[in-house]
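Working notes for the structure below.
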Amino acid sequence: MSFEIPDDRRYAESHEWAKEIDDDIVRIGITDFAQDELGDIIFAELPDEGTELDEGEQFGVVESIKAVSDIYSPVSGTVVDVNREIVDQPELINDDPHESGWLLEVNTETGIDHLLPASEYETQI
């Protein structure tokens, strides 16, 4: 099976992606592979703006018809924006996990270079 793995972002081994969108702002979501494994997502719980995250820390939960899964932060920083559309329409994660299905934006000083490039993530899955 083939999954979309955009090369304009980096990936965590736990199947989250991170994309630099502005100077110290990183957008975070789950990968196409992760949403496919979960199946139809029916609920998403995300942190509030201002929440401090540590890399590798669980920050949210997505629930599908098959499972409940924790979501982990690929970077450390402060949540500056949350995709509120996901709370009302969690199926956006299934429909478009790399664009309209994004989850958070985090202000981070660590960047994303420590995460896997698309080619290495593709090898992992």
Side-chain angles (χ1 to χ4, degrees):
M1 183 170 271
S2 178
F3 297 101
E4 183 181 344
I5 306 172
D7 61 6
D8 65 344
R9 57 203 75 202
R10 295 287 188 122
Y11 300 87
E13 290 182 8
S14 54
H15 308 292
E16 293 83 18
W17 57 261
K19 177 182 179 181
E20 292 176 331
I21 60 166
D22 205 357
D23 285 336
D24 291 329
I25 306 298
V26 172
R27 184 171 281 174
I28 297 170
I30 66 170
T31 65
D32 189 26
F33 173 81
Q35 70 77 26
D36 184 71
E37 288 290 301
L38 285 167
D40 293 334
I41 296 173
I42 56 173
F43 176 79
E45 181 181 325
L46 301 173
D48 294 325
E49 291 177 16
T51 300
E52 294 289 328
L53 301 176
D54 289 324
E55 182 180 331
E57 175 185 15
Q58 184 257 341
F59 71 78
V61 174
V62 290
E63 182 178 342
S64 71
I65 57 173
K66 295 195 310 190
V68 174
S69 184
D70 292 336
I71 310 169
Y72 299 93
S73 183
V75 297
S76 295
T78 305
V79 177
V80 294
D81 196 9
V82 176
N83 187 352
R84 298 280 173 220
E85 290 183 35
I86 293 299
V87 175
D88 296 330
Q89 302 174 61
E91 66 275 6
L92 287 173
I93 300 169
N94 293 115
D95 296 342
D96 192 11
H98 295 111
E99 296 301 331
S100 62
W102 64 275
L103 304 176
L104 307 174
E105 291 180 355
V106 175
N107 186 341
T108 182
E109 295 178 9
T110 61
I112 62 173
D113 290 342
H114 64 286
L115 298 169
L116 299 172
S119 59
E120 287 183 33
Y121 178 71
E122 184 173 22
T123 301
Q124 176 187 314
I125 60 170

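Start at 1 with the first residue, then count along the sequence.
Atom CD1 of residue Ile30 and atom CD of residue Gln35 lie 6.5 Å apart, to the nearest 0.5 angstrom. Separation of atoms CG (Asp70) and CD (Glu57) is listed at 11.0 Å; rounding is to 0.5 Å. To the nearest 0.5 angstrom, Asp24 atom CG is 6.0 Å from Glu109 atom CD. The CG atom of Leu53 sits 6.5 Å away from the CG atom of Leu104 when rounded to the nearest 0.5 Å. Rounding to the nearest 0.5 Å gives a distance of 11.5 Å between CH2 of Trp102 and CG of Leu92. Note that the CG atom of Asp40 and the CG atom of Asp95 stand 9.0 Å from one another [nearest 0.5 Å].
The hydrophobic cluster containing Trp17 also contains Ile125, counting ILVMFWY residues as joined when their side-chain heavy atoms lie under 4.5 angstrom apart, directly or transitively. The same ILVMFWY cluster, assembled from side-chain heavy atoms under 4.5 Å apart, contains both Ile112 and Val106. Tracing side-chain contacts under 4.5 Å through hydrophobic residues (I, L, V, M, F, W, Y), one reaches Val82 starting from Ile86; they form part of the same cluster.
In this structure the side chain of Asp36 reaches within 4.5 angstrom of the side chain of Phe3, judged on heavy atoms. Residues Val79 and Asp48 have side chains not in contact (no heavy-atom distance under 4.5 Å, counting atoms from C-beta outward). Using a 4.5 Å heavy-atom cutoff, the side chains of Ser73 and Glu55 are not in contact.
When each of Glu99, Glu20, Glu105 is tested with Arg27 by the rule side-chain hydrogen bond (donor to acceptor under 3.5 Å, both in side chains), just one qualifies, namely Glu105. Screening Leu103, Ile28, Val61 for a side-chain contact (heavy atoms from CB on, under 4.5 Å) involving Ile71 leaves a single residue, Leu103.
Checked against ring pair (Phe, Tyr, Trp, His ring centres under 6.0 Å), Tyr121 has the following partners two or more places apart in sequence or in another chain: Tyr11, His15.
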With side chain to side chain contact (heavy atoms under 4.5 Å, CB included) as the criterion, how do Ile5 and Asp32 come out once you've worked through the C-alpha distance, each side chain's angles and the decisive distance to 0.1 Å? CA-CA 7 Å; Ile5 306 172; Asp32 189 26; over 6 Å; no
Full working for side chain to side chain contact (heavy atoms under 4.5 Å, CB included) between Thr51 and Phe59: CA-CA 9 Å; Thr51 300; Phe59 71 78; over 6 Å; no
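Contact record, Leu38 with Ser69: CD2-CB, 3.5 Å, taken as the closest heavy-atom pair. Considering every non-hydrogen atom in both Asp113 and Arg10, the closest pair reads O-NH1, 3.3 Å. Counting all heavy atoms, side chain and backbone alike, Val62 lies closest to Ala44 at CG1-CB, 4.1 Å. Counting all heavy atoms, side chain and backbone alike, Pro97 lies closest to Asn94 at CD-O, 3.9 Å. In terms of heavy-atom proximity, Ala18 sits nearest to Val26 at CB-CG1, 3.6 Å. The heavy-atom pair separating His114 from Pro74 by the smallest distance is NE2-O, 3.1 Å.
For Asp8, the CG atom sits in a packed shell: over 12 heavy atoms of surrounding residues, nucleotides or ligands are nearer than 6.0 Å. Counting heavy atoms of neighbouring residues, nucleotides and ligands inside a 6.0 Å radius, atom CD of Gln89 exceeds 12 of them. Summarising the local packing, CD of Glu85 is surrounded by 12 or fewer heavy atoms from other residues, nucleotides or ligands at distances under 6.0 Å.
The main-chain N or O of Glu49 is never found under 3.5 Å from a side-chain atom of Asp81 such that the two would form a donor-acceptor pair. Looking only at distances, a side-chain donor or acceptor of Asn83 sits under 3.5 Å from a matching main-chain atom of Ser100.
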